[in-house]
Each structure stands twice: as structure tokens, then as C-alpha cells.
There are 2 protein chains.
Amino acid sequence: MPQLTIEDIARLAGVSRSTVSRVLNSQPSVRPAVRDRVQEVIIAHGYTPQAAARQLVTQRTRSIGLILPDNVYNLFGNPIFALMSQGVSQVCAQQGYTSLLFMGRQDMNEQDMFKMLRGREFDGVVLISSNTNDTYAAFLKETGIPYTRIGHEPEQDDLRYVDVDNVEAARIGVKHLISLGHRRIAMLKGLARDTCTSDRYQGYKEALEEAGIPLDPELVGDGDWSTASGYELTKRFLRLERPPTALFSSNDMMVAGVIRAVHEQGRRVPEDLAIVGFDDLPQTTMIFPDLTTIRQPCVELGIRAAEMLIEQLEQDTKETTPMHVILPTTLVIRESCGFKRRSVVS
Amino acid sequence: MPQLTIEDIARLAGVSRSTVSRVLNSQPSVRPAVRDRVQEVIIAHGYTPQAAARQLVTQRTRSIGLILPDNVYNLFGNPIFALMSQGVSQVCAQQGYTSLLFMGRQDMNEQDMFKMLRGREFDGVVLISSNTNDTYAAFLKETGIPYTRIGHEPEQDDLRYVDVDNVEAARIGVKHLISLGHRRIAMLKGLARDTCTSDRYQGYKEALEEAGIPLDPELVGDGDWSTASGYELTKRFLRLERPPTALFSSNDMMVAGVIRAVHEQGRRVPEDLAIVGFDDLPQTTMIFPDLTTIRQPCVELGIRAAEMLIEQLEQDTKETTPMHVILPTTLVIRESCGFKRRSVVS
DNA sequence: TTGTATGCGTTATCAT
DNA sequence: ATGATAACGCATACAA
């Protein structure tokens, strides 16, 4: 297959390169008859312009990078990233962009990734990151490469991001447990470096405080988002002298571990332990009792992020207006919390 | 940030473009003193060559595409692809390549994907596909774009692929159940379009035949690799007049559904149903009883595929020798099969 | 060892 | 509406 160039097509169609180029970019100023002839030759030879040559002159790749968190468990193990990236690529496809999924952190060192970015391999990036002091965010800011972020840092110095109100979301989840009569409510935290971890913990504390329930440090577990950590921490909770009657988990993945720990002790959900999760993973219904959880609009987060990024890429002005979008969460009540407790043994 | 070019660096370092280029590509023929000076300027300005320009002249991108199956459940839901891609990107990183994860099937129509391939955005691709009549494989073959495949089709017309012996692997798994005294052994199949589905089914049939056990069609379920399908089919099995005492699942994901169905019936694993899975997912130990399963060397599959592809890319001759690599599987015996049955009630 | 010149395949700016 | 021609930023063959 001696790859044809635009020059070859031009010759074969009996026109100049310019005309072929015009056809390729569907510019109006070309006679229909000529256009058809050129199109025919293009299709007949399966010609496609070389991306590199095009990029060199336009200085655009029409592709964006999608950078995911580095936690291996989260990466493929946690479907929320699949959902987010689904939203991103959906928008990209519509707008004629391609999105390259980039597990920049897992399989490539930062320096190489930075090199790709500086090498202009992407017009922009969607960064999924709730990390505080994220090095990618810092790099992107410094170099001025367009990006939008899913998640954000407290300083809020990201130009554009989409996120949910994690404090409020968690508060509502815990309040739900309180409204059912629970007073010993355990909390499973995510990785400390993630902003949403402290935010969700904050929501937990606020809910307790509003209800006049003192915070018991024994009931707070430092997880890492993984099922394994949910398992280990729950075992610890259940060994407590006064074990919790309810548990709020910072994500659904950890709940899988919680369930196993509870069952291993011969106890039951929700009778012995009521559970509220976070994320609302579609898959979970297959694995454990239908989970009451805080629904996060993952696909929508991806959609909005991609839209904001592409809008920035397409604008002609150099200055970009900051945009911080907060999407709503929903408390989805199912079966993992049971009903209101009659007698409350505090 | 007015992006600098090689010309700028040359001027700043007081040398010609060629010299800077030589430094960039670490060619020997440049005086150490000069090299250092140029390096300094490069670093000082954070210069990185533009990928497009470099690609245009070299006609190589040094990046490969990694195309995954289109089944959404499999995509992120099934960690084996994470493991495979981990192997691929590991090798790529070592060899100075970058691998772009490409969910070509989920988020992009085939035509757009083909355009990218023809546009030379990748030097080659690793195709994870066990599909029969895979359109991507056909396209790659037709265009002559270098690729290696993880999985293969029966016709074996892929130039280079890595796979396991699915027939043999399944046969061993089922034989294990037979050796424990089971004679009513159900089989959970994967998607019909996947070659490995029919291969594993073939192994199942061979094992039964060797043991003189007649095949009972009632005990064969057409799954789709998903947990949900494992759940539904198992419910059906358990409602049978003579339910199976053992089950062989074509992958571990479906086993999650099997377990739930069994528990819902108030039955137990392995007492009421012995289970052998396939894959040996690291995560599963958290969710169900430690699973006896056929281990597939996923990471290794990715490694070998990437190695074979890069070898092909680096060679100078046009002709590539075919390579078909079959990696060994292992029966990992854990707890989901229990011990030998005393009395065998056929 | 270093510099000069040419070309990679495309788009874009001019003419016509 | 179409065709020459000049970039785009880099690597490389050839000269020096």
C-alpha cells in the first residue's frame, strides 16, 4: 500500500492540490461537478489526509487527552471513571474531536506525559482529579494548555471545572440515616489526598452536629476507595464494644467490602447495619442488596467538562472566562437502610 | 507562552538548527561543550519538539493504539482488560513508545476510527479481540497497518497474535470438578461471537465426554460475560428439577452473579454448588468465597503483544514473519469447590 | 564536528 | 472557482 498523498489525488482527479484540500475541508467554493469527481477518487483510493501534516499547518490536533487518577483500584476497578469518560467521548464525537484515554499516571511517568502535552499532541485535556496539589493541574496552569477539570481543589484556582457539592451530598446521606433513628453512624473516608474526601467528611460532621450527636473518632475509618479497605475497616468497626448501627461510605466500591465483612460476622444488612453509599454505580445491584446511595451524575460530569473544554478551544479570543459548574446529586433510597428504628439505643 | 521552535533554540544557543536537532535525538557527533550549552537552553525554556512536525518528516509517531472490545460491561467492568493494557503500556514505556487507550468501539464509530488509522495517528495497534469476523482485524489486514492481536479467530489468519489455549484450559477446569465427584456440571458460556466462548465450551464438552458424562443441554447457559447474565442463568439452573451440583463459568465476572443467585436461594458455595471460574481476577477475593479458577496471564498477554508489535515496527524489512504465541493457563485451586463428594448421586 | 539545503504532506494566501 | 506558492517545524543528506 503505497500511501497516496493529496498530490496523487489531485493528479488522478485532474485538479490542483488546493481543490482537493477544499473538498476535504468541505469548503463551499468548488463546483459540484468537480467536487463529486474528487470525492470519487478519494473514496476509490481510500485516501485520508495525514494527520501530522495537517496538524503542522493548522497547529491543532482536534484531539483531547483524558487524564485519569493514578489509583489502580479506581482506574478500571471503579466504573465511575468509565461513566465520566463516556460522557467526554460522547461530546467529543459530536463535535468532531477524538478523545484519547490517558492513564497518564499509571503507565507513564509525569515527565513523559508533560512532554506529550508540550509537544502539542492534544489541543487540550480533561483532567479527572480531586487531588489537592495535583501536579498535572499545576503543569497545565503553568503552560497555559487549555483544560477543564472534573473535581477541584479548595483554592479554586482552576480556570474551569465541574464538580458536585460533596459537603452537601454527604450531609444529606448522613441525615437520612439519622432520620431513621441511627445515632452510632460510622464513616468510611476515601484517600486523604482527595479533596472530595475531606468534603464528604465535612458533610458527615455537619449532619452529626446538627443532630447533636457527638463525633466518635472510633467510628471514622480512613479508607482508600477500594473494596479491600471497606472490608478491613468494617471488620474493625464490628469488633468495637459499641459497634455502629449504620455506616456512610464515601463510595460504592468500599461498600462491597463492607457487605462481605458484615456477612462474615453472620450479621445482616440493613438489620444489623444500615448503609448509605456514594456514586450509585449501575453494577452494584448485582452484587449486594439494593443500595441506598448518593447518586453522582458521572456521565453528565464528563459531558459538561468536554463541552466547556471544546468551547474554550473553539473560541478565538485568548482570554477564557472562568467557569465553575456544580452539578446536583440525589439521594437514592433503596433497601440498604431498612425502615425507621423503633427504639433508639444510643 | 509563545511556543519556541527549534530555530529559536538554535539562535539562543548560537548554533544551527541541525545541531539542536542532533542534541534532541542524542546523536553522538556533537561536541560535549556544545551539547551542554544547547541542553541548557532547551531546559531553561522548557522546549519540546512539536510532535506533528517530527512525525511528518519521520513518518512515525512512536505511539500505538490499543483497541478494546465493545462490550461496555467488559470495558471497564472487567478488570482483565485493565491488566492487559497494563502489560502493553509497560512495554511501550520501556521502549519509548506511548500507548493510547482507545475505546474505539464504544465511543467512536468505526469509520472515524479507520480514518485515524489511515491518517497514521499510530504506528501500529494492539487489538484485544476474540470476535469472529472482527471488522477491525479485517481493516488492519487490508490496509497493512501493523498490529498484533490478543485473542484470535479460528482461521488463524492474523499475522501475529497472543492467546491461551482456551479448549485445554476449560477442559482442565471441568475435569477438576469431575475429579471431585461431580457429574451434573453446568456451564456458563460467554458471548457467542467470541472465539474463546466456543473454545471453552469445546473444552467443557471434551471433559464430559472423557468421563462418559452425557451432555445435558439444560445445563448450558448462554451468558454475555456480565455479572447480570451469570445471575439470571444461575436462577434458571437452580429451578431445574435436577439442579447442577457444580458449575463452570467462562469468566469470573459472571461468577459474582452466580454467587448472588445461590445465596438468594438460601444455598451455599461450595456445599450446594461448586464453582470453577475463569480469569483469576485479583479483585474477586474481596467479593465472594475464594474462587477456584483458571488463571489467565493477562498482564503477560499484554506484554507479549506489545513486544511483538514493536519488534515489527522496528524492523527494516517489509516482510514480517508470522508469530502465534500461546501462553499457559493455570488451575488455581481455592475454596469454591470444596472437597471430594462422598456419595455421587448421578 | 557543524552548517546549509531540501523535503515531509497539508492548509492558507495570494493571484488569476 | 481554481491554481500556483509559501509556510508549518522538524530531520537529514550533503557540504564544508
Side-chain angles (χ1 to χ4, degrees), chain A residues 1-39 41-42 45-63 96 115-121 123 316, chain B residues 1-39 41-42 45-63 96 115-121 123 316:
Chain A
M1 313 279 165
Q3 279 286 350
L4 297 185
T5 74
I6 197 175
E7 189 70 50
D8 299 319
I9 302 299
R11 197 161 24 72
L12 290 164
V15 295
S16 72
R17 317 199 260 286
S18 321
T19 301
V20 178
S21 178
R22 282 188 263 269
V23 172
L24 285 172
N25 299 285
S26 49
Q27 289 177 17
S29 58
V30 46
R31 251 189 316 160
V34 178
R35 171 182 308 269
D36 291 347
R37 184 152 39 91
V38 174
Q39 287 281 26
V41 178
I42 288 176
H45 294 78
Y47 165 75
T48 302
Q50 254 191 58
R54 179 173 266 181
Q55 287 163 22
L56 181 57
V57 50
T58 61
Q59 292 292 44
R60 315 195 57 224
T61 63
R62 291 198 76 80
S63 75
K115 192 178 290 182
M116 289 194 69
L117 258 9
R118 271 200 303 253
R120 291 232 191 48
E121 310 213 17
D123 292 344
D316 8 55
Chain B
M1 312 277 165
Q3 278 288 351
L4 297 185
T5 74
I6 196 173
E7 190 70 48
D8 300 318
I9 301 299
R11 197 162 20 75
L12 288 165
V15 296
S16 72
R17 314 200 270 283
S18 328
T19 300
V20 177
S21 177
R22 282 188 263 268
V23 172
L24 285 171
N25 298 286
S26 49
Q27 289 177 17
S29 58
V30 46
R31 250 190 317 159
V34 179
R35 172 181 307 270
D36 292 348
R37 184 151 39 93
V38 174
Q39 288 280 25
V41 178
I42 289 177
H45 294 78
Y47 166 75
T48 302
Q50 254 192 58
R54 180 174 264 182
Q55 287 164 22
L56 179 58
V57 51
T58 61
Q59 292 292 50
R60 315 195 57 224
T61 64
R62 291 197 76 80
S63 76
K115 193 179 290 184
M116 289 194 69
L117 258 8
R118 270 199 302 253
R120 289 231 191 43
E121 311 213 18
D123 292 344
D316 8 55

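Here is the naming used below: chain letters follow the sequence lines, and residue numbers restart at 1 for every chain.
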**Request:** Mind calculating the distance between CD (A:Glu7) and P (C:dT10) to the nearest angstrom?
**Result:** 9 Å
**Fill in**
The nucleotide from D:dC10, C:dT11, C:dT2 with an atom nearest the side chain of A:Thr58 is C:dT11
**Asked** C:dT4 base to B:Ser18 side chain: any donor-acceptor pair below 3.5 Å?
**Response** yes
**Interatomic distance, A:Ile6 CD1 vs D:dT5 P [rounded to whole Å]** = 17 Å
**Request:** When you get a sec, tell me which of D:dC8, D:dA11, C:dT11 is the closest nucleotide to the side chain of A:Leu24?
**Result:** C:dT11
**Asked** Does D:dG3 have OP1 or OP2 sitting under 4.0 Å from an N or O in the side chain of A:Thr19?
**Response** yes
**Prompt:** Whole Å only: how far is the CZ atom of A:Arg22 from the P atom of C:dC14?
**Reply:** 14 Å
**Verdict with supporting geometry, B:Arg22 and B:Thr19, side-chain contact (heavy atoms from CB on, under 4.5 Å)** = CA-CA 5 Å; B:Arg22 282 188 263 268; B:Thr19 300; 4.2 Å; yes
**Below 4.0 Å: OP1/OP2 of D:dG9 and any side-chain N or O of A:Gln59** = yes
**Complete:** By nearest-nucleotide position on DNA chain C, the 5'-leaning member of B:Arg35 and A:Pro49 is B:Arg35
**Asked** What nucleotide among C:dG3, C:dG7, C:dT10 has an atom nearest to a side-chain atom of B:Val57?
**Response** C:dG7
**Request:** Mind checking B:Ser29 for me? I need base, sugar-phosphate or nothing, with any heavy atom below 4.0 Å counting as a touch.
**Result:** base
**Asked** B:Thr61 versus B:Glu121: any side-chain heavy-atom pair under 4.5 Å?
**Response** no
**Prompt:** At under 4.0 Å between heavy atoms, what does B:Thr5 touch on the DNA or RNA strands: base, sugar-phosphate, or nothing?
**Reply:** sugar-phosphate
**Prompt:** Is any side-chain heavy atom of B:Val15 less than 4.5 Å from a side-chain heavy atom of B:Arg37?
**Reply:** yes
**Rounded distance in Å - CZ (B:Arg60) to P (D:dG9)** = 23 Å
**Request:** Measure from CG on B:Leu4 to C1' on D:dC8 and round the result to the nearest Å.
**Result:** 16 Å
**Asked** Is a donor on one side and an acceptor on the other found under 3.5 Å between the side chain of B:Arg120 and the backbone of B:Gln59?
**Response** no
**Asked** Does B:Arg120 get its side chain close enough to the base of C:dG9, under 3.5 Å, for a donor-acceptor pair?
**Response** no
**Phosphate OP1/OP2 of D:dG9 contacted by B:Tyr47 side-chain N/O (<4.0 Å)** = no
**Asked** Taking atom P of C:dT1 as reference, at what distance in whole Å does atom CZ of B:Arg37 sit?
**Response** 15 Å
**Fill in**
Rounded to whole Å, the CZ-P distance (A:Arg11 to D:dA4) equals 14 Å
**Prompt:** Considering only side-chain heavy atoms of A:Leu56, which listed nucleotide, C:dT10, D:dT12, D:dG9, is closest?
**Reply:** D:dG9
**Asked** Considering only D:dT12, D:dG3, C:dT11, which nucleotide approaches the side chain of B:Gln27 most closely?
**Response** D:dT12
**Asked** Should A:Arg35 and A:Val38 count as side-chain neighbours, where that means a heavy-atom distance under 4.5 Å?
**Response** no
**Message:** I'd like to check B:Ile42 versus B:Leu24 (side-chain heavy atoms, cut-off strictly below 4.5 Å). Are they in contact?
**Reply:** yes
**Prompt:** Among C:dT6, C:dC8, D:dT2, which is the nearest nucleotide to the side chain of A:Arg31?
**Reply:** D:dT2
**Message:** In this structure, how many angstroms lie between the C1' atom of C:dC8 and the CG atom of A:Asp8, rounded?
**Reply:** 13 Å
**Asked** Of the candidate nucleotides D:dT2, D:dG9, C:dT6, which contains the atom at the shortest distance from the side chain of B:Arg17?
**Response** C:dT6
